[in-house]
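Everything below concerns the one structure shown next.
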Amino acid sequence: TFLSQRDSKLFQEMFDTFQVASLVTYSSISNFKSDKINEKGDIRELTSDLLKGSLSTSQGEPQSEPEGCDSREDILLVDEVDMFFGLDFYGNTYNPVVTIKTKAVHKLMRLVWRHRKLDYEQ
């Protein structure tokens with residue numbers, strides 16, 4: 001967004017001074033949450049592959065750091081906290097959804113629907 005780009009430019013000199021410019025990502029809180037949940041791959045595709053039995057063992061695993069590189073923890077700095085606690089973010093859920101259309105899923109849904117009124121406390 002315009003504000004993120006503007007703020008990034010304002011802090012660029014400080015990031016350069018501390019030699020951390022290459023480690024800083026400036027984004028909106030909405031982009032941040034999406035980037036974090038998808039950092040190991042598209043969560044929708046990975047979920048679909050898992051449920052279809054086609055998730056390879058290398059998918060969804062963290063990539064190893066190149067030799068000699070320090071692994072670093074992420075730090076979240078929130079600028080304009082009113083946006084963080086605003087109606088568009090705080091208290092809302094992020095719902096990445098995938099639709100699985102297979103015969104097995106269809107059968108499962110029919111089974112669940114047929115048994116929806118059973119008393120499971122017996």
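Under the 4.5 Å side-chain heavy-atom criterion for ILVMFWY residues, a single connected hydrophobic cluster contains both V24 and M14. In terms of hydrophobic clustering, with Ile, Leu, Val, Met, Phe, Trp and Tyr side chains grouped at heavy-atom distances under 4.5 Å, V105 and L51 are assigned to a common cluster. I37 and V97 fall into different hydrophobic clusters, defined by Ile, Leu, Val, Met, Phe, Trp and Tyr side-chain heavy atoms under 4.5 Å apart, directly or through other members. Criterion: ILVMFWY side-chain heavy atoms under 4.5 Å apart, direct or through other members. Under it, F15 and F18 are part of a common hydrophobic cluster. Under the 4.5 Å side-chain heavy-atom criterion for ILVMFWY residues, a single connected hydrophobic cluster contains both L50 and L46.
Atoms NZ and CG, on K9 and D7 in that order, are 11.0 Å from each other to the nearest 0.5 Å.
Cation-pi check for R110 over W113 is not met; the charged atom does not lie both under 6.0 angstrom from the ring centroid and within 45 degrees of its normal.
Between the side chain of N38 and the backbone N or O of I43, at least one donor-acceptor pair lies under 3.5 Å. Without hydrogens or angle criteria, S48 side chain to R44 main chain gives no donor-acceptor distance under 3.5 Å.
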